[in-house]
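All values below were derived from every heavy atom in this structure, side-chain atoms included, with hydrogens, water molecules and symmetry-related copies excluded. In the text below, chain A, chain B and the rest are named by the order of the sequence lines, each starting its count at 1.
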2 protein chains.
Amino acid sequence: MSQGNTGVTVQAVNAYACPVREVLDRVAGKWSVQILVAAAQGPIRFTELERGIEGISRRMLTLTLRNLERDGLVTRTVHPTVPPKVEYELTPVAHELNDTLQQLTGWAERNRVHIAEARAAYDAEHRPELLDA
Amino acid sequence: MSQGNTGVTVQAVNAYACPVREVLDRVAGKWSVQILVAAAQGPIRFTELERGIEGISRRMLTLTLRNLERDGLVTRTVHPTVPPKVEYELTPVAHELNDTLQQLTGWAERNRVHIAEARAAYDAEHRPELLDA
DNA sequence: CAGAATCCCTTGTGATACTG
DNA sequence: CAGTATCACAAGGGATTCTG
């Protein structure tokens with residue numbers, strides 16, 4: 001990379017330049033938000049998350065939880081029982097994040113139709129071959 | 001895919017299940033937000049965007065603009081002059097989106113330090129080998 | 001000026017199998 | 001139950017070159 005040996009990644013540089021990107025890098029993963037939502041009501045177990053989130057693999061659940069934990073968005077509590085029981089819980093910071101994500105949800109719901117139409121119109125105009133997909 | 005021949009992609013299924021993801025899929029790209037921000041002040045030319053957004057390649061600028069245009073977030077206006085002049089402008093919908101993204105920026109700025117510390121603490125605890133990166 | 005086309009590498013994600 | 005390990009693959013993104 002042209003950034004050379006500054007010891008700072010391109011990712012980090014972008015994040016510094018744009019705080020929004022910093023959040024997005026944290027939440028843009030395919031599963032992060034769904035985990036945040038699923039855990040919003042209180043402590044939740046690994047398997048409950050796995051069952052509650054349609055289509056997630058065990059691997060991705062683990063990886064995403066680790067990242068969230070690393071950023072201080074979830075806490076991981078191991079109950080030393082047999083069989084093991086691990087509970088994940090949102091931190092206050094994550095709850096705040098969830099609140100602001102609600103804003104985005106609002107925007108999405110208000111404009112979902114509008115955007116779908118824009119997309120259809122664009123495709124009809126620029127990509128006619130997709131019309132019978 | 002287990003969805004089979006329903007004619008609907010996995011992406012779309014997730015989006016329907018979770019409106020937030022729908023927005024994120026639209027904005028999570030590496031450059032989308034920076035373009036939205038750069039264009040927020042008014043019409044802006046291709047080259048101005050290219051110069052204003054540190055590190056973006058011509059290819060990604062084009063691709064991202066096309067996606068934004070497709071979703072009805074930016075308009076593309078070609079002035080038939082020589083040399084050609086193309087201006088991009090945010091739609092009202094995109095301006096609304098920008099406003100809600102501001103919320104996220106606020107969250108990021110308020111918690112940037114907190115998260116950096118959480119990350120450092122986590123790495124120190126779980127990944128000591130990264131401490132001299 | 002504002003792209004389009006091509007090549008290539010990195011990253012994210014899914015599938016599967018194994019374990020304390 | 002709650003993971004970890006490994007493989008394999010597709011998409012995202014960067015660098016470069018060409019053009020109306």
With distance as the sole test, does B:Thr91 use its side chain to make a donor-acceptor pair with the main-chain N or O of B:Gly72 at under 3.5 Å?
->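 A pair under 3.5 Å: yes.
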Value in whole Å for how far the [atom2] atom of [N] lies from [atom1] of [X]:
| X | N | atom1 | atom2 | answer |
| --- | --- | --- | --- | --- |
| A:Asn67 | C:dG12 | CG | C1' | 11 Å |
| A:Asp25 | C:dT11 | CG | P | 14 Å |
| A:Glu50 | C:dT16 | CD | P | 14 Å |
| B:Leu63 | D:dG13 | CG | C1' | 9 Å |
| A:His79 | D:dA2 | NE2 | C1' | 14 Å |
| A:Lys85 | D:dG3 | NZ | P | 14 Å |
| A:Leu61 | C:dG12 | CG | C1' | 16 Å |
| B:Leu65 | C:dG3 | CG | P | 7 Å |

From the set [options], return the single nucleotide nearest to any side-chain atom of [X].
| X | options | answer |
| --- | --- | --- |
| B:Phe46 | C:dG3, C:dG14, D:dA2 | C:dG3 |
| A:Arg59 | C:dA2, D:dC1, C:dG14 | C:dG14 |
| B:Lys30 | C:dG14, D:dA2, D:dG14 | D:dG14 |
| B:Pro84 | C:dC1, C:dA4, C:dG14 | C:dC1 |
| B:Val86 | C:dA2, C:dA4, D:dG14 | C:dA2 |

Please tell me if [X] has a side-chain N or O lying less than 4.0 Å from either OP1 or OP2 of [N].
| X | N | result |
| --- | --- | --- |
| A:Ser57 | C:dA15 | no |
| B:Tyr88 | C:dG3 | yes |
| A:Arg45 | D:dC1 | no |

Do B:Arg21 and B:Asp25 sit within salt-bridge range, that is, some charged N less than 4.0 Å from a carboxylate O?
->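 Answer for the salt bridge query: yes.
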Report yes if some heavy atom in the side chain of A:Arg110 is under 4.5 Å from a heavy atom in the side chain of A:Trp107; otherwise report no.
->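 In short, these two side chains touch, coming nearer than 4.5 Å.
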First encountered from the 5' end of DNA chain C, between A:Arg58 and A:Gly55 |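 Nearer the 5' end of the strand: A:Gly55.
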For A:Arg76, check side-chain hydrogen bond (donor to acceptor under 3.5 Å, both in side chains) against everything at least two apart and list the hits.
->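 Result, side-chain hydrogen bond (donor to acceptor under 3.5 Å, both in side chains) vs A:Arg76: A:Tyr88.
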side-chain hydrogen bond (donor to acceptor under 3.5 Å, both in side chains) partners for A:Arg51, two or more places apart =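 Per chain and number, A:Arg51 pairs via side-chain hydrogen bond (donor to acceptor under 3.5 Å, both in side chains) with no residue.
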